[in-house]
Q: 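Take this structure, written in structure tokens, and hold onto it; I'll ask about it next.
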Protein chains: 4
Amino acid sequence: QIKLRRRIISPYDTRYRWWQNFLIPLVIYSAWVSPFEAGFLLEPIAPALSALDNVLNAFFAIDIALTFVVAYSDSHTYLLIDDPRKIAFKYLSTWFIFDVSSTIPFQALALLFTGKYGSGLTFNLLHMLRLWRLRKVSALFARLEKDIRVNYFWLRCAKLISTTLFSIHFAGCFFYLLASRNKLDPENTWIGSSISPNFKEMSVWDRYVVAIYWSITTLSSVGYGDIHPKNTQEMIFATVYMMFNLGLTAYLLGNMTNLIVEESSRTRRFRNMIRNASHCASRNQLPEILQNQIIDYLSLKFRTEEYNQQRIFDSLPNGLRLNILQHLFLPILEKTYLFQGVSYSFLLQLVSEIQAGYFPARYDIILQDEAPRDLYIVVSGAVELFFCRGALDQKLEKAETGDVFGEFGVICNKPHGFRATTKTLSQLLVLGRNALLGVLETHVEDRQIVMTNLSKV
Amino acid sequence: QIKLRRRIISPYDTRYRWWQNFLIPLVIYSAWVSPFEAGFLLEPIAPALSALDNVLNAFFAIDIALTFVVAYSDSHTYLLIDDPRKIAFKYLSTWFIFDVSSTIPFQALALLFTGKYGSGLTFNLLHMLRLWRLRKVSALFARLEKDIRVNYFWLRCAKLISTTLFSIHFAGCFFYLLASRNKLDPENTWIGSSISPNFKEMSVWDRYVVAIYWSITTLSSVGYGDIHPKNTQEMIFATVYMMFNLGLTAYLLGNMTNLIVEESSRTRRFRNMIRNASHCASRNQLPEILQNQIIDYLSLKFRTEEYNQQRIFDSLPNGLRLNILQHLFLPILEKTYLFQGVSYSFLLQLVSEIQAGYFPARYDIILQDEAPRDLYIVVSGAVELFFCRGALDQKLEKAETGDVFGEFGVICNKPHGFRATTKTLSQLLVLGRNALLGVLETHVEDRQIVMTNLSKV
Amino acid sequence: QIKLRRRIISPYDTRYRWWQNFLIPLVIYSAWVSPFEAGFLLEPIAPALSALDNVLNAFFAIDIALTFVVAYSDSHTYLLIDDPRKIAFKYLSTWFIFDVSSTIPFQALALLFTGKYGSGLTFNLLHMLRLWRLRKVSALFARLEKDIRVNYFWLRCAKLISTTLFSIHFAGCFFYLLASRNKLDPENTWIGSSISPNFKEMSVWDRYVVAIYWSITTLSSVGYGDIHPKNTQEMIFATVYMMFNLGLTAYLLGNMTNLIVEESSRTRRFRNMIRNASHCASRNQLPEILQNQIIDYLSLKFRTEEYNQQRIFDSLPNGLRLNILQHLFLPILEKTYLFQGVSYSFLLQLVSEIQAGYFPARYDIILQDEAPRDLYIVVSGAVELFFCRGALDQKLEKAETGDVFGEFGVICNKPHGFRATTKTLSQLLVLGRNALLGVLETHVEDRQIVMTNLSKV
Amino acid sequence: QIKLRRRIISPYDTRYRWWQNFLIPLVIYSAWVSPFEAGFLLEPIAPALSALDNVLNAFFAIDIALTFVVAYSDSHTYLLIDDPRKIAFKYLSTWFIFDVSSTIPFQALALLFTGKYGSGLTFNLLHMLRLWRLRKVSALFARLEKDIRVNYFWLRCAKLISTTLFSIHFAGCFFYLLASRNKLDPENTWIGSSISPNFKEMSVWDRYVVAIYWSITTLSSVGYGDIHPKNTQEMIFATVYMMFNLGLTAYLLGNMTNLIVEESSRTRRFRNMIRNASHCASRNQLPEILQNQIIDYLSLKFRTEEYNQQRIFDSLPNGLRLNILQHLFLPILEKTYLFQGVSYSFLLQLVSEIQAGYFPARYDIILQDEAPRDLYIVVSGAVELFFCRGALDQKLEKAETGDVFGEFGVICNKPHGFRATTKTLSQLLVLGRNALLGVLETHVEDRQIVMTNLSKV
């Protein structure tokens, strides 16, 4: 926990995070309601709605005040700045003015000074300043994108859908505003000419549906044409909206393509790998049993994500990697008969040379007469050792958890005298010959112990 | 074959697979018919159709019962679970309720309890529960995607086309349902106002065509506008449909882009490789003959997919790789004069060091006076060896299947005394000098045999 | 040149290629004219047009006959098959039937048997079989895509544009065909209801423009709605056309995205490289002069495409690579004073170790007191050698084409006693110390010569 | 600075660049005004506008003249060509004719020869030749794309938006031109039939809005249908415009997808890396503390962009890389007690072997009993060394800026006798054991000094 000055809150503080999350629904509510009020509620807004609006304003005012005591992370040094003056300067010089103007209770001020609720175009437009609050939603999405607990695909979808829905809502409300403000010639408006000249007598719900219907018809570029702009003012707004839609559509499609490419890349990689392998096998006319072993091995490797594991370990620095390997493999190494009694330092060095792998069932790990390359330790599963003479396979031994095999060949540098085949899906530790000999060379005493252990068997 | 408890069926069982595949056409039929019945067949459904529906229900009821005795694969351990209680618990806690409600024969029950076939909106909507069965089609597509015998491009296309066609069908039927249910004012419906107020007297086929025509006009965003929603209810449905279409279109385009990028990537890679090589050759003013050799070699390498082969072999673990190489190269190695009489273990080690390659016709494999790096064994095709003095080329020998060349240079460490050029397209095994010497060092007896073989020539 | 049986033509034969290319305009003509004739020329077709049609048929008949004597490339072995029976079997079992039915002169046959030119729907549809010939255009595009002399971007664009234009033309003609065939109720057709009931009296040009206008309005999904299908038949065709357009649009957009991604990838890679480098430099507060050197070097490397060159050389097999390097560097090596009089085999080995590189002007190649790693030979440009003591730079020498520097340090294993800086853009050969020493070790006599050369200076 | 002939200007000359940038707004003005004049200002153009046009022409005439004295960069050799004859030949043979014809003051010439301002279709079309000047804007965008100071995403967006806006403007103006030129039958024009037959009496602003509204309606494929082409001429133009739009839309979407893929790739890479690491950690059941260390380390590595740094350094040639490393690490190395008094050449060699890295707080750099691999020098932050016996940790020392740790283990080849853990975020230099021993071997005297320094502690 990083210590900050007194009365300065960390932006990572849990309670502050909760406060921020609590504000999100309020933001969404006011972003949704503001255009609606501006468009459809021409008459002085109902006191209940107005009161609710002022309660919201109070919450956002508190948030503005809070921002002055919340530390921020410097973009260059990644350090938290907790100097109140720096915090205040940063806020005042950036978004303070916008935050304040989106919080001023214009209605209440109008009531105070003029004695009546404000109405008219100016008030409606001032109301739309509330939309600035959407910045908080945008920041939330940006934060969630870096949070790996959230599914990236659905998060991006949610972002795109929210943007689209809000655009439709906003454009519908604004388009209706243009028609309802046209006092001179209600018949020469989009709704007056297409639905009914007395459209103001329709229910709010019906009018809202018509506006939204026009909005989505335009955004999705269906454009039936039953509803379309009539006068110059409406044409200008429709023009702007259609230009915006061009960009929005391109953004939607670009994001969708991006997401689908990303989502399907794993399946595709798997298919390509398997297909290449089976092409290669059939071109070389490998026997069926080998073909199946190849496919089984690659499928297993893909499923257990071993590809990634090795790469991740390799990208870590020495100390951390050793720490992890020690945690994973030391308990197993200690228990094998071969390494009974050796020094801790010796085991630590062995551990850093070990690799772990899964092998499918009925899989040949060692061929008889093969040059010794690796020594194997069984972690789970079972491996059977056979001695083959001609066509006859004689079972020698069954290696199970904790057993070692291949150690004679590796230490004495003789071809393995048996064939080793997995009985079931097995996890094995693999220790390369050169690595083992290298470590033995630098630990003379431990070498003696290993040799003694080996001769006991 | 994995053994399961008695009376438990494996999900990979061939007969169970056939049963599943048999259900697919039934699913498609009922998914297609359910919206159609709901929309267009307002009157009590014809007994024949109703009977057919109940036969289908019977099949799906059997499938529900079957699911209780089919083992499932645990998502963590990849093991098959065959405990009947676990199977039942898993099914009951997930999809059982949906499967059952999509199978209840509401018509038959209505007939039983009320004495007449059910009709009305409720029944029509209950009918749409049948669409849940589409889950089986979705599962089929997911399964086929991982099956490399199925072409990925056409599978994805089929999936996209099915989704689109079904959406069009469903939206058309539902839109007609809205119009036909509007008893109050048939003229104020989309079809009543645009085609004819007496639309119910038209043939089912004509009405279906009009509905589908509207549906595709909207989905493809053409939106002629000759047919468009008239009342609030229809506008709401059109709004929802257009929003859905936005997503569907984005999904279609994203998938298409993904597929095309993938499909064209091979051609593009080939073009880039050849173009880079020929740019590079012309920038360095290489003579024409060398330029052609480069292009020929790269084209051949690309066509024979050697790129992939080496990479696939390298990604396999030791045992399997050795098994494959042994299968491919041991028979050839054994027959060469150089390795007559050597031990099996020696050959096994050589095999693991060998690489195979195709070489185009008239291609220089070894230049005279070149330092010895590799020894070559001809698998197929023919290689000619020349001795050059000044401008004169004297043909020494023609190496054919089973012949070795370059062995003197490699073993005695002297520059090759000849030039080797392929006569036709040839496949050669390449054995590196260091690898060969390394193996010879560890096998003293075999080394003697090889030396004797060499001196015999 | 590959030899084939007598009277069998190679598909790569120049004259056959010319014949194929000569057919392409005929194919395009007939693909364009066939739907037009079917749609707009209801009356018996003008004799001139009909005669032209039969001339074309004759050419395509010749092509069918020719196919029986053209060898084909087997898809498995990549060998040309010139057995006439195999050729005939392959052709007869695949496309023969389609080729023939697209070539039969139905009009002429009708004239022969019935004594008058055929007309009516059947004949018009038979006429459309000519479209099968478009297969030749498709094959041409596939062939050109693998030809690196053709720009990929414009080729794909041409393919997409042709497909789109042909679709528009075909749909327009067919849609008109539906209207003109509607004898019962011309007012209930798309053109009769929107343009004029007496549309058949309009000029062919005006009718064609209207049909094409409807077609593109639908394909581009603009859908003004001034022209739209009226009867069931037209609605069905429009439905099919809109579904086809969905696919075509997705295909267009997918291809375009693919092409743009490909085209812009070079610029983007360059930008990313330079940006990363300059970020890295400024984060580490490197002095301006070093920053500029980094940017200059990377820009030069990118411009001269060195990245690719090395990678291409490395992907070639030994023999070919050596051949190229010998061509590029041997003449330069021979002329340097250091390698006067050495053996050819020695030079050949050195050549395979050399790398070439461009260096920007005012660039430090060697720092004073640096451990000797490489020896440099100037190919073009000029390099200045300085001796620095404290802040004083004393110019020692100016190395120009053919000069060597760094050889003392490398051979005697002493830190370089000077700083080497390029004066202008220079191309240098770089020879690593270990490589040189390795080659010297295996050539004792040449080593003596080099030492003598070195001591002469 | 590259020297050119007298009176020849470099294209990179600052003043010439300013001149080019000064022309850009003039180009944009004339590209915007030319179609507008052609479409809407049918009457002789106002003298003021005409005069302004001629002033612009004068500027572009100067630019044409200037081009004859500006050197150009040869596309093959990358050299500046300053031979006036070559410059003139190149310009005259390429764009001279277009530049001149887009600059001729047709109006003024008409006034001169015919005594009155020209009007009529021919003049309007001649006016559109001015659009050729847009080539300068296109060249500007191409230049900016390679300038890393400009954000690529917004630059591409600006390019796409400009292209779209200009297309809309041009098509709107031209479409109006078609209507206004139709003297015969104003009611049979798009604007006459939909807005008012007396449309010429509307204000220019209203007419312009209607034209632009139609244009965007068509381009965005909304196609309400309230305004649509009426006669053949208009249909042809609309057909051409829709075809162009198909291409433009595909280009827009392709670019957008490309940009979004590029922009989101960093976030996605980060997410994938972290997700893979945490999957891998939880699958192996690593203790929480290790999991956190992995995530912390990877986040830090990503944030400090170390990935890129090492790769960039490696891609630079020897001399430059050494120069940079010397600048970064030499001052730190010189100050450590271990390397007091060693030679400059020794330090220079060490420097080229050093790697720098950031380590998060509470991170284990060395484990007790670990084999010695690296020696560490603290650049910033703090590292604590502990000696552990059983469960007890005894703090030995705190290493701060300039301190070395791990040197005993590395030089004497003994397992480290302590555990080293960072206290805060630290930057360390890492020097590998083999590298250090290699350098010590070749510098016998310096080795003695280092040993003496070591023994002093």
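Side chains included, hydrogens not; waters and symmetry mates left out as well; all remaining heavy atoms used. Throughout, a chain's letter reflects where its sequence line sits, starting with A, and its residues are numbered from 1.
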Q: In terms of heavy-atom proximity below 4.5 Å to chain B, should C:Leu259 be classed as side chain, backbone, both, or neither?
A: neither
Q: Identify which part of C:Ile324 has an atom lying under 4.5 Å from any heavy atom of chain B, answering side chain, backbone, both or neither.
A: both
Q: I need the minimum non-hydrogen distance between C:Tyr251 and B:Met256, along with the two atoms involved.
A: N-CG, 4.0 Å
Q: For a 4.5 angstrom cut-off between non-hydrogen side-chain atoms, does C:Leu316 reach B:Leu298?
A: yes
Q: Is the shortest side-chain heavy-atom distance between C:Glu145 and B:Phe270 below 4.5 Å?
A: no
Q: Relative to chain B, which segment of C:Leu320 carries a heavy atom at a distance below 4.5 Å: side chain, backbone, both, or neither?
A: both
Q: Answer with side chain, backbone, both or neither: which region of B:Ile161 has an atom nearer than 4.5 Å to a non-hydrogen atom of chain C?
A: neither
Q: For B:Ser278, is it the side chain, the backbone, both, or neither that has a heavy atom closer than 4.5 Å to a heavy atom of chain C?
A: side chain
Q: Can you tell me which residue pairs pass the salt bridge (charged side-chain N to carboxylate O under 4.0 Å, His left out) test with a partner in residues 238-262 of chain C, sequence neighbours excluded?
A: B:Arg268-C:Glu262
Q: Quick one: what part of B:Asp374 sits under 4.5 Å from any heavy atom of chain C, side chain, backbone, both or neither?
A: side chain
Q: Is it true that C:Asn245 and B:Ser220 share a donor-acceptor pair across their side chains at a distance under 3.5 Å?
A: no
Q: Got a sec: does the CD of C:Gln355 have more than 12 other heavy atoms crowding it under 6.0 Å?
A: no
Q: What residues of residues 286-295 of chain B sit under 4.5 Å from chain C when only non-hydrogen atoms are counted?
A: B:Leu286, B:Pro287, B:Leu290, B:Gln293, B:Ile294
Q: Report which part of B:Glu263 has an atom under 4.5 Å of a heavy atom belonging to chain C: side chain, backbone, both, or neither.
A: neither
Q: Indicate yes or no: at least one non-hydrogen side-chain atom of B:Leu253 is less than 4.5 angstrom from one of C:Thr257.
A: no
Q: Kindly indicate whether the side chain of B:Thr164, heavy atoms from C-beta on, has any atom under 4.5 Å from the side chain of C:Met243.
A: no
Q: Sort B:Val430 into side chain, backbone, both or neither according to what part of it lies under 4.5 angstrom from a heavy atom of chain C.
A: neither
Q: Under 4.5 Å from any heavy atom of chain C, what part of B:Ile168 do you find: side chain, backbone, both or neither?
A: side chain
Q: For C:Val150, which atoms come within 4.5 Å of any heavy atom of chain B: side chain, backbone, both, or neither?
A: backbone
Q: Measuring heavy-atom distances to chain C, does B:Arg271 have an atom under 4.5 Å in its side chain, in its backbone, in both, or in neither?
A: both
Q: Please classify the contact of C:Leu246 with chain B as side chain, backbone, both or neither, using a heavy-atom distance under 4.5 Å.
A: side chain
Q: Going by the angle between their ring planes, with limits at 30° and 60°, are C:Trp214 and B:Tyr224 parallel, tilted or perpendicular?
A: parallel
